[in-house]
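Following: one structure in structure tokens, then a few remarks.
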Amino acid sequence: MTIFEKIIARQIPAQIVAESDEWIAFHDISAQAPVHVLIVPKRVIPRVGEAHSMDGGVLGALLIASQQVAKKLGVFETGYRLVINNGRDAGETVPHLHVHLLGGRELGWPPG
Ligand code: 5GP
């Protein structure tokens, strides 16, 4: 089981922000911005590079879910960034696809 599957199964705790049948959103344990939430599909897709066309619905649901999360945490108007790390050079550490939602401060560009 990935660490995120354990959070979904309530085997380990997390600060959950929102949830649906398809996804769960919770605060990152090592926040890199005042708002840093992970939006995670409940059905495991290891990484976006291994997603298939049949995963398109859930991938879209993660992006639409980000609107709700951003509104709930007060960054919808000020702005926020969505990040998906894929593979070693991108810094992916958990092999369970997730969208990072970052906001609450000005975010530098280009990212590191
Ligand atoms: P990645 O580096 O794979 O894109 O992102 C994985 C993220 O998961 C990291 O930002 C890391 O801080 C977060 N993370 C790892 N373990 C846990 C955990 O047990 N709980 C929570 N809430 N976040 C975690």
Side-chain angles (χ1 to χ4, degrees):
M1 266 177 124
T2 68
I3 193 99
F4 295 162
E5 283 180 282
K6 290 180 183 170
I7 288 173
I8 291 162
R10 306 302 201 266
Q11 290 178 6
I12 62 170
Q15 278 185 273
I16 295 168
V17 176
E19 185 172 16
S20 81
D21 290 346
E22 286 186 302
W23 53 265
I24 187 168
F26 51 87
H27 290 276
D28 195 294
I29 204 168
S30 176
Q32 302 300 312
V35 172
H36 186 174
V37 169
L38 303 174
I39 308 171
V40 180
K42 291 189 171 175
R43 181 169 56 77
V44 181
I45 302 166
R47 57 192 55 80
V48 73
E50 291 177 38
H52 301 285
S53 51
M54 65 170 232
D55 299 318
V58 70
L59 292 178
L62 301 180
L63 298 184
I64 299 301
S66 71
Q67 301 172 348
Q68 172 182 334
V69 171
K71 284 176 186 167
K72 193 163 182 180
L73 297 179
V75 296
F76 188 75
E77 302 296 339
T78 50
Y80 52 95
R81 182 173 296 163
L82 304 177
V83 174
I84 302 176
N85 293 322
N86 187 92
R88 185 195 60 198
D89 282 358
E92 178 202 309
T93 57
V94 178
H96 182 156
L97 189 147
H98 47 284
V99 177
H100 295 255
L101 186 153
L102 298 138
R105 66 169 169 81
E106 274 191 37
L107 299 166
W109 191 263

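Order of listing sets the numbers, starting from 1, for every ligand and every atom in it.
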What I'd like to find out is whether the side chain of H36 reaches to under 4.5 Å of the side chain of V83, using heavy atoms alone. no
Verify, without hydrogens or angle tests, whether R10 (side chain) and I8 (backbone) share a donor-acceptor contact under 3.5 angstrom. yes
Numbered atoms and elements of ligand 1 in range of S30, under 4.0 angstrom, heavy atoms: 12 (O)
Could you tell me the residue and atom name of the protein heavy atom closest to atom 11 (C) of ligand 1, and the distance to it rounded to 0.1 Å? D28 OD1, 3.4 Å
Looking at I7, which atoms of ligand 1 are within less than 4.0 Å of one of its heavy atoms? 20 (N)
Atom 3 (O) of ligand 1 - nearest protein heavy atom and its distance: T93 N, 2.7 Å
Nearest neighbour in protein (non-hydrogen) for atom 5 (O) of ligand 1: H98 NE2, 2.9 Å
Kindly say whether A18 contributes a backbone atom to a donor-acceptor pair with the side chain of K72 at under 3.5 angstrom? no
Among protein heavy atoms, which sits nearest to atom 14 (N) of ligand 1, and what does the distance come to when rounded to 0.1 Å? I29 CG2, 3.9 Å
Got a donor-acceptor contact below 3.5 angstrom from the E92 side chain to the N86 backbone? no
Donor-acceptor pair, Q68 side chain versus A65 backbone, under 3.5 Å? no
At under 4.0 Å between heavy atoms, which part of N85 makes contact with ligand 1: side chain, backbone, both or neither? side chain
A quick test of your reading: do over 12 heavy atoms of other residues, nucleotides or ligands sit less than 6.0 Å from CD of Q11? yes
Ligand 1 to I3, heavy atom cutoff 4.0 Å, flagged ligand atoms 19 (O)
I'd like to check whether H27 has a polar contact with ligand 1, where a contact means an N/O of the residue lying under 3.5 Å from an N/O of the ligand. yes
Test of ring centre spacing under 6.0 Å for H100 and H98: yes
Within-shell test, H100 vs ligand 1, heavy atom, strictly < 4.0 Å: yes
Please determine if A14 has a nitrogen or oxygen closer than 3.5 Å to a nitrogen or oxygen of ligand 1. no
Classify the contact between I84 and ligand 1 as side chain, backbone, both or neither, using a heavy-atom distance cut-off of under 4.0 Å. neither
Could you say whether the N/O atoms of G91 and ligand 1 ever approach to under 3.5 Å? yes
